[in-house]
Number of protein chains: 2
Amino acid sequence: MNETMPDTGPMTIDAETRMQGGEDHRAELRLWLRLLTCTTLIESEIRSRLRARFDVTLPRFDLMAQLEKAPEGMTLGDLSRRMMVSAGNVTGLVERLVQDGLVDRRPAPGDRRSALVNLTEKGRTAFEEMAHDHGDWIGEMFDGLDETDIDTLMRLLGKAKTSARAAQARVFPSSTDKDDAHG
Amino acid sequence: MNETMPDTGPMTIDAETRMQGGEDHRAELRLWLRLLTCTTLIESEIRSRLRARFDVTLPRFDLMAQLEKAPEGMTLGDLSRRMMVSAGNVTGLVERLVQDGLVDRRPAPGDRRSALVNLTEKGRTAFEEMAHDHGDWIGEMFDGLDETDIDTLMRLLGKAKTSARAAQARVFPSSTDKDDAHG
DNA sequence: CTCAATTATTTTAAGCTTAAAATATCTCTC
DNA sequence: GAGAGATATTTTAAGCTTAAAATAATTGAG
């Protein structure tokens with residue numbers, strides 16, 4: 001055997017992974033489309049039911065869901081990060097929810113740039129009612145999966161999440177350690 | 001002691017884990033949130049890269065991707081069903097793509113209500129370049145998954161899709177989506 | 001302390017998205 | 001071959017969403 005050039009199988013990966021000339025990602029693309037289909041399907045159905053039954057939009061429901069888990073309230077920045085939407089988006093959503101009386105906004109103690117957002121009593125009551133049905137609906141959507149399916153999906157989607165975050169971090173290296181902006 | 005009810009694990013009776021009247025869909029809710037996180041994460045990253053490298057929006061890319069698979073062209077209705085977005089949405093997207101010269105619109109032969117949309121030569125060339133990078137990016141996002149992971153995810157997401165469609169069909173009759181097995 | 005950089009939020013402009021109503025055409029039945 | 005209902009698309013109004021620029025307050029280095 002010639003050992004000067006050991007075949008290592010799939011080419012060794014270095015930090016700056018470069019996509020090979022002929023690599024095809026057919027399987028990954030199909031997976032991505034299916035993931036998207038599943039999400040869109042469920043999201044549309046939930047959106048439509050929330051509107052029909054409670055006359056509320058999905059983004060407003062999502063925002064209230066975040067607040068319900070934070071009895072101390074959340075800043076707009078917290079909401080933006082948690083919901084994975086832009087800060088400007090949150091500004092508008094909170095504005096409209098304040099109008100509806102479902103949420104309130106008050107200055108954050110100790111930081112005059114910041115505001116704390118909370119569910120009002122009306123908001124909490126409304127949310128609890130919606131959340132109950134919402135939970136049932138999600139249960140219904142996944143009715144065809146058994147416990148093992150769910151566990152497996154949780155595990156593999158966790159893996160996918162980690163993988164996607166790594167890809168994201170590769171393009172946005174957590175700077176702050178470089179003086180690329182030459183002052 | 002009592003062997004009529006085998007212990008299946010942590011079945012402690014705190015007020016929250018008791019199922020009285022209503023079922024508990026905590027596992028399904030967690031799965032839904034994780035599915036949503038995965039999708040949002042990847043979608044945001046793809047959206048951002050498409051904008052940065054090609055100055056194109058994700059919905060426009062998606063529409064062009066549908067057209068590329070249909071050399072005979074597609075009607076607006078076809079596009080709406082395949083992309084799982086409203087008809088009015090497609091009207092606007094096509095309008096803007098026509099403006100950009102990436103797509104053309106012509107009357108459908110034999111049905112004066114309908115229009116056929118096609119990629120222009122410019123559109124096809126532009127799309128092929130974008131699709132190449134897009135494929136690499138998706139490959140990168142799922143880099144942490146091996147072949148088995150992908151197969152398993154495909155299978156279980158297929159099951160989830162079927163389940164969600166069943167739930168949807170209980171209220172609405174519908175069909176069509178974008179990850180159906182096809183050519 | 002002082003000023004530059006950072007952080008929190010808002011504003012702006014453009015585009016996306018939906019639901020519902022409106023328009024136009026087609027198809028089918030009698 | 002009329003008219004009823006279905007289908008394809010557009011329009012409208014409202015709201016969602018983002019990126020980028022602007023505003024305001026905080027932090028930290030010197």
Side-chain angles (χ1 to χ4, degrees), chain A residues 40 43-53 55-63 73-100 105-117 172 174-183, chain B residues 40 43-53 55-63 73-100 105-117 172-176:
Chain A
T40 304
E43 205 173 46
S44 305
E45 187 62 21
I46 295 297
R47 183 195 314 282
S48 144
R49 292 188 188 188
L50 280 173
R51 175 179 300 275
R53 178 127 174 58
D55 193 33
V56 77
T57 66
L58 183 53
R60 288 182 201 193
F61 176 82
D62 286 344
L63 195 151
M74 293 173 85
T75 65
L76 295 166
D78 290 340
L79 283 165
S80 167
R81 278 181 293 273
R82 281 282 196 169
M83 299 175 70
M84 300 195 284
V85 301
S86 68
N89 192 356
V90 172
T91 297
L93 282 170
V94 167
E95 227 163 54
R96 291 183 288 269
L97 283 166
V98 168
Q99 287 278 329
D100 294 348
R105 240 191 103 117
R106 58 184 73 177
D111 189 339
R112 276 175 308 180
R113 294 169 304 178
S114 236
L116 273 183
V117 185
F172 274 123
S174 62
S175 52
T176 1
D177 64 341
K178 259 335 279 171
D179 52 338
D180 46 4
H182 61 73
Chain B
T40 305
E43 205 172 46
S44 305
E45 186 63 19
I46 297 297
R47 183 194 314 282
S48 144
R49 293 188 189 189
L50 280 174
R51 175 180 299 275
R53 300 225 198 298
D55 193 32
V56 78
T57 65
L58 184 51
R60 289 182 200 193
F61 176 82
D62 285 344
L63 195 152
M74 292 174 86
T75 64
L76 295 166
D78 291 339
L79 284 165
S80 167
R81 279 180 293 272
R82 280 283 193 177
M83 299 175 71
M84 302 195 284
V85 301
S86 69
N89 192 357
V90 172
T91 297
L93 282 170
V94 167
E95 225 163 55
R96 291 182 288 269
L97 283 167
V98 168
Q99 287 279 328
D100 294 348
R105 236 191 106 115
R106 57 185 70 180
D111 189 339
R112 278 176 306 181
R113 294 168 303 178
S114 231
L116 273 182
V117 185
F172 246 149
S174 186
S175 57
T176 319

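The structure displayed is predicted, hence computed values, not measured ones. Proteins come first, then strands; the chains are lettered A, B, ... in the order of their sequence lines, and each starts at number 1.
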With sequence neighbours left out, what residues match [X] under side-chain contact (heavy atoms from CB on, under 4.5 Å)?
| X | result |
| --- | --- |
| B:Thr40 | A:Met84, B:Leu36, B:Ser44 |
| B:Ala108 | B:Ser114, B:Leu116 |
| A:Val56 | A:Leu50, A:Phe54, A:Arg60, A:Met130 |

At under 4.0 Å, does any side-chain N or O of [X] touch on OP1 or OP2 of [N]?
| X | N | answer |
| --- | --- | --- |
| A:Ser114 | C:dT9 | yes |
| A:Thr91 | C:dT10 | yes |
| A:Arg105 | C:dT10 | yes |

What residues, two or more places apart in sequence or in another chain, satisfy side chain to side chain donor-acceptor pair (under 3.5 Å) together with [X]?
| X | result |
| --- | --- |
| A:Arg53 | A:Asp133 |
| A:Arg113 | A:Asp111 |
| B:Ser80 | none |

Just call it for A:Ala108: base, sugar-phosphate, or nothing, with non-hydrogen atoms closer than 4.0 Å on any strand.
nothing

At under 4.0 Å between heavy atoms, what does B:Thr75 touch on the DNA or RNA strands: base, sugar-phosphate, or nothing?
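Sugar-phosphate, no base atom in range.
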
Can you tell me how far apart OG1 (B:Thr75) and CG (B:Leu79) are? Round to the nearest 0.5 Å.
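Answer rounded to 0.5 Å: 6.5 Å.
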
If a protein heavy atom is under 4.0 Å from the base, mark B; if only from the sugar-phosphate, S; if neither, -; do that for nucleotides 14-29 of chain C going 5' to 3'.
-SSSBS----BBS---

Within this structure, what is the CG-to-C1' distance between A:Leu76 and C:dT11, rounded to whole angstrom?
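Value for this atom pair: 14 Å.
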
Distance, rounded to the nearest Å, where B:Asp78 contributes CG and D:dT7 contributes P:
14 Å

As a check of understanding: the bend across the helix from C:dC1-D:dG30 to C:dC30-D:dG1, end axes from five pairs, rounded to 10 degrees, works out to 20°

Please list, one pair per line, the donor and acceptor atoms closer than 3.5 Å that link side chains of residues 88-99 of chain A to other protein atoms, with sequence neighbours excluded.
| unit_1 | atom_1 | unit_2 | atom_2 | d |
| --- | --- | --- | --- | --- |
| A:Thr91 | OG1 | A:Ala87 | O | 3.3 |

